[in-house]
Amino acid sequence: MTLRLLFEEIRSTVQKISSDLGYPAVNFDVSEASKPEFGDISCNIGFLLAKPLKKRPSEISESIAEKYRAQKGSLVSEVNVHQPGYLNFIVNNSVLVKSILESSVEKNYGEFDLGGGEKTVVEHTSVNPNKALHIGHVRNIIIGDTVARILRKANYDVNVLNYVDDSGLQVADIIVGFLYGGFSKEPPQGQKFDHYCGDVVYVNITERYETERHLAEKRVLVLKELEEGRSEIAKFGDEITRRVLEEQLKTCWRLGVVYDCLNFESQIIRSSLWKTVFDKMKSLGIIYLENEGKNSGCWVIKSDSDVEEDKILVRSNGIATYIAKDIPYAAWKLGILDDPFHYKQYAVQKNHQVLWQTTLEDAGTKLDFAGDRVITVIDSRQSRLQNIITKIISDFKSGKKSYVHLGYESVTLSQDTAKTLNLETGGKSVQMSGRKGIYVNADYVLDILGVKTYEEAKKRNPELDEVSLVKIAEQVAVGALRYAMIKQDLDKIITFDLSESLSLEGDTGPYIQYAHARAVRILEKAGKAPEFGSTFDGLATVHERDLAKAIGRFDIQVEDSAKNLSPKLIARYCHELAVSFNSFYEHVKVLAAGSPEMINARLCLVWSFKETLRKALDLLGIDAPDRM
RNA sequence: GGGCCUGUAGCUCAGCAUGGAUAGAGUGCUGGACUUCUAAUCCAGUGGUCAAGGGAUCGAAGCCCUUCGGGCCCGCCA
């Protein structure tokens, strides 16, 4: 029996007693007590009934407690009422520990059926293929990847998409750089192609637009060619963006992030999708052709309010705007339109998962990546546009389809880190900008983290071979970065500081990974596998009990984070687990526990912890190393 | 001007959805614990007018209102 079922059992007993007493039905809560001195489990029913019954909360709780005591089985050992009126339960220790440990052994422990297999799309990453990923993109990627993992655990059928804007202005910029700016197609020795395009070509060419008129003119031409396709320039553009994309994906894969399908914007533009959506919006009366005023000749969405401007979707020259390009894609993701694409294999990823890509050629497979629920991960600076898309989509969706913008605040660079880029910030943190070259590349961060974690690992494990050390270093570096990107609320700005990110102590990924490594070492040194058949009566110290209870919370946390699309809850849970274990580790000896029964019981607890933490870390995309 | 987000310990943040028990972590600082399962650890101490004011409530960090501070967004750019 899981902790969740234990709560439910107590809840239904309280429910029954309350209704037997003739109390009105209220939606009360049964959950873990906030502090150990309050027992294991708390119920707030007294407060909720206080008003309708016109009695003191404690009085009501006492009346329920009395009945509960009379019929309590082996599960609950004590029922107490605490001021100001909580109904608190102490659970029989051996029953508690045994039920948690035995349920945690299950392979699917932590899974919770919230989604009922609902087809869901998570779109994230979607970085223009003209530059390398920087630390701001990493936040998007890690949020998206973590949410996808959590939703799968909560039984949603998830497809992860990455939208490749290969026909936009930013791509046009680097093409101009290569064709007319004098840049070689090959990066200098040792530089990744995406870094070269972003750090050198893109930054340089946008600067030169100011002074070199002819380049700015070429930019418009190139953009047009990219949209139309077919031409030599378009072919060249395709070659370049695919090379950049390949390098970007290497970084994503390095972070443990995988996708199901790549969608190319150029193909969406060249497909029938836009025309279909445009016609549909016209026939539904969502958009209007403006005949007068400053927007004359444009197709616009009328604004409801007086202060808000009308939104232009198609310019007076007939070219669709940025936001308009997003609408057919949104509709495609929801499966509202006939799918014009076939699908080709792009790659087989590290976890053996196939990565597909769209194609307009007839060759290839017909697949279905659409979902009834679409979650688009984009930073909240795009909220306004995302709201408009959500509204349009809701106007022509059918049935229960829903489009969700999962927004998050941006990553800024700390004053000190900005200084390392030779920026004077006036004492403030600074917004990143790809165009101005103000950013810190993801590969760079992973590399310097890797150097540090390698040194640490080598110092601690001098006997390990080079291959193992490098692997551990990379796992810990990725763990540190992923955890840092996910541990705080989506609504909080992350101020990224290079030197601070090298700290691997306290509330960090490595702290959690270290707890796992410690547990693994105990199990290794034990020399025999724990046997779960026996009783766990001996696991009675506060450290053992706390650890067991933490293990028991897993599926509750999964449910919570999936329901609220809140990945940080799992991060916090992993941290809690690790804290409980480290405290246990320091205070309770496992291998020197005395009797073989005691050793076995504690080994079971350690094993159970290790497995649960590994599964929870997997939701964060963080590896659980055996040594570090 | 309008919209979204934000303000909790020196610093970085939990807690706020669903009001309830003495407001919690990390970091910093001070001190302590490695002959005993790896000290990327643990233990203790330090540190708070929960931005300010008002309201409803038996009860507010949390709900409502007002004000103030900070960030972002509001183009026939993407």
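Proteins get letters first, then strands, A, B, ... in listed order; numbering begins at 1 in each.
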### Task
Between B/U49 and B/A9, how far apart are the P atoms? Round to whole Å, please.
8 Å
Taking distance alone, no hydrogens or angles, what donor-acceptor pairs closer than 3.5 Å link side-chain atoms of residues 218-225 of chain A to residues at least two apart or in another chain?
unit_1: A/R219; atom_1: NE; unit_2: A/D173; atom_2: OD1; d: 2.8
unit_1: A/E225; atom_1: OE1; unit_2: A/S231; atom_2: OG; d: 2.5

#### Entry: N/O (side chain, A/Q488) to phosphate O (OP1/OP2, B/C13) under 4.0 Å
yes
#### Entry: Spacing of A/K589 atom NZ relative to B/C42 atom P, expressed in whole Å
13 Å
### Query
So, is A/K568 near the phosphate of B/G15, with a side-chain N or O under 4.0 Å from OP1 or OP2?
yes
### N/O (side chain, A/K487) to phosphate O (OP1/OP2, B/A25) under 4.0 Å
no
#### Entry: Phosphate OP1/OP2 of B/G75 contacted by A/R315 side-chain N/O (<4.0 Å)
no
### Query
OP1 or OP2 of B/G24 less than 4.0 angstrom from a side-chain nitrogen or oxygen of A/K35, does that happen here?
yes
### Query
Expressed in angstrom and rounded to an integer, what is the separation of A/Y483 atom OH from B/U12 atom P?
18 Å
### Query
Does B/C5 have OP1 or OP2 sitting under 4.0 Å from an N or O in the side chain of A/R384?
no
### Summary
For A/H516 and A/K610, the nearest pair of non-hydrogen atoms, with its separation, is NE2-CG, 3.4 Å
### Residue-phosphate contact under 4.0 Å: A/K311 side-chain N/O, B/C76 OP1/OP2
no
### Query
Less than 4.5 Å apart, any side-chain heavy atom of A/S433 and any of A/Y439?
no
### Task
Determine, stepwise, if the pair A/V590 / A/Y585 fulfils side chain to side chain contact (heavy atoms under 4.5 Å, CB included).
CA-CA 8 Å; A/V590 177; A/Y585 184 95; over 6 Å; no
### Query
Would you say A/K563 reaches B/A17's phosphate, i.e. side-chain N/O to OP1/OP2 under 4.0 Å?
no
### Query
Between B/C42 and A/Y511, is there an OP1 or OP2 to side-chain N/O distance shorter than 4.0 Å?
yes
### Message
Can you tell me if A/T321 touches the phosphate of B/A78, counting only side-chain N or O atoms and a distance under 4.0 Å to OP1 or OP2?
### Response
no
### Query
Counting a pair only when it is Watson-Crick or G-U and both distances are under 3.5 Å, which runs of at least 3 such pairs involve RNA chain B?
B:1-7 with B:68-74, B:10-13 with B:24-27, B:28-33 with B:41-46, B:51-55 with B:63-67
